[in-house]
Amino acid sequence: AAHYVEVMLTFQPQGPYYLGGYCFGARVAFEMGRQLQAMGREVVFLALIDTYAPGDFRPQSDMPIVLQQICKFWDMARRFSSIVRYISWLDRGKRLSYVAKMAKFHLRALLRSLYTYRGRPLPGFLRPDPVGERGNLSDHLRDYQPKVYPGRATLFRPSQQPLGIPRLPHMGWGELVDGDLEIEEVPGYHHTLIYRPKVRPLAERVQRHLHNAQVRWGEAQRVGLD
């Protein structure tokens, strides 16, 4: 987040700033907004698109681990139609490599679940791949201690949520956003939001909230001049 802020300030030294992200990227955008606010920069729009606050995406504590795994595989099955549709949009030369990549990813996830269920340590080939010397994103997210964001944000929450996860309307962001937290429900679930046809209503809602933020900022500037 600090790196992205540095790069962004190089291209746009003055605000206002409009930030947003999807999934893990939303958490990065949140931290970028917090750092910009700490610098005295004006962030007038922060979009958090379907992401739980760090530490809040976890199974219900009283759910047996077997049932947790069943919920995971059910959610994977729900993604199947959207994945097939996405593959149909790819160039022919890219389809096979994408299918191979997805098969490897899900096979690793299945094996990790089996090792975890049996209480056995993960072998080396199933451990997360490091990203250079900085470690992997999972390690960074586990160590991340978010601070309160002193502004307003908009959470775009899908109407369908993963099975076995507590239904938190604010998805854990209520305690981290000190200003107004707007919650906008959009049709679909995590793995269909950014693909057609669900991406259209998401885009329309993001555009509407972005426009409202621009109007609020413009009115605030006029009041300040008066």
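All values derive from a computational prediction rather than experimental measurement.
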Check the pair Lys198, Val186 against side-chain contact (heavy atoms from CB on, under 4.5 Å), reporting the backbone distance first and the verdict last. CA-CA 8 Å; Lys198 303 298 184 184; Val186 292; over 6 Å; no
Pick out which of Arg152, Arg157, Arg208 makes a salt bridge (charged side-chain N to carboxylate O under 4.0 Å, His left out) with Glu182. Arg152
How long is the gap from [atom1] on [X] to [atom2] on [Y], to the nearest 0.5 Å?
{"X": "Leu193", "Y": "Ile49", "atom1": "CG", "atom2": "CD1", "value": "8.0 Å"}
{"X": "Trp217", "Y": "Gln214", "atom1": "CH2", "atom2": "CD", "value": "9.5 Å"}
{"X": "Lys94", "Y": "Lys101", "atom1": "NZ", "atom2": "NZ", "value": "11.5 Å"}
{"X": "Arg95", "Y": "Trp89", "atom1": "CZ", "atom2": "CH2", "value": "12.0 Å"}
{"X": "Glu184", "Y": "His209", "atom1": "CD", "atom2": "NE2", "value": "3.5 Å"}
{"X": "Glu6", "Y": "Met32", "atom1": "CD", "atom2": "CE", "value": "11.5 Å"}

Is Arg205 reaching over with its side chain to a backbone N or O of Pro201, donor-acceptor style, under 3.5 angstrom? yes
Where the side chain of Trp173 meets the backbone of Thr154, is there a donor-acceptor pair that is under 3.5 Å apart? no
With heavy-atom distances below 4.5 Å as the criterion, would you say the side chains of Phe24 and Thr51 are in contact? no
Shortest non-hydrogen separation from [X] to [Y] and the atoms involved:
{"X": "Gly21", "Y": "Ala26", "answer": "O-CB, 3.2 Å"}
{"X": "Pro150", "Y": "Asp178", "answer": "CA-CB, 3.9 Å"}
{"X": "Ala53", "Y": "Leu176", "answer": "CB-CD1, 3.9 Å"}
{"X": "Leu48", "Y": "Ala153", "answer": "CD1-CB, 4.4 Å"}
{"X": "Pro169", "Y": "Leu155", "answer": "O-CD2, 4.0 Å"}
{"X": "Pro158", "Y": "Tyr189", "answer": "CB-CA, 3.7 Å"}

Is there a path of hydrophobic side-chain contacts, each under 4.5 Å between heavy atoms of I, L, V, M, F, W or Y residues, that connects [X] with [Y]?
{"X": "Val199", "Y": "Leu210", "answer": "no"}
{"X": "Val43", "Y": "Val148", "answer": "no"}
{"X": "Met39", "Y": "Val7", "answer": "no"}
{"X": "Leu107", "Y": "Leu96", "answer": "no"}

Show, in sequence, the C-alpha distance, side-chain angles and deciding distance for Tyr144 and Arg27, and conclude whether the side-chain contact (heavy atoms from CB on, under 4.5 Å) test is met. CA-CA 10 Å; Tyr144 174 54; Arg27 296 168 178 177; 5.6 Å; no
Inspect the surroundings of OH in Tyr4 and state if more than 12 heavy atoms from other residues, nucleotides or ligands are less than 6.0 Å away. no
Heavy-atom neighbours of Glu185 CD exceed 12 at 6.0 Å: yes
If the threshold is 4.0 Å, N to carboxylate O, is there a salt bridge linking Glu219 and Arg216? no
Leu9 and Tyr17: side-chain contact (heavy atoms from CB on, under 4.5 Å), yes or no, with the steps? CA-CA 10 Å; Leu9 291 178; Tyr17 295 99; 3.2 Å; yes
Step by step, would you call His190 with Tyr22 a ring-ring contact (aromatic ring centres under 6.0 Å, His included)? CA-CA 9 Å; His190 187 74; Tyr22 163 75; 4.8 Å; yes
Would Leu19 and Leu36 count as a side-chain contact (heavy atoms from CB on, under 4.5 Å) here? Give the steps. CA-CA 11 Å; Leu19 305 172; Leu36 285 167; 4.0 Å; yes
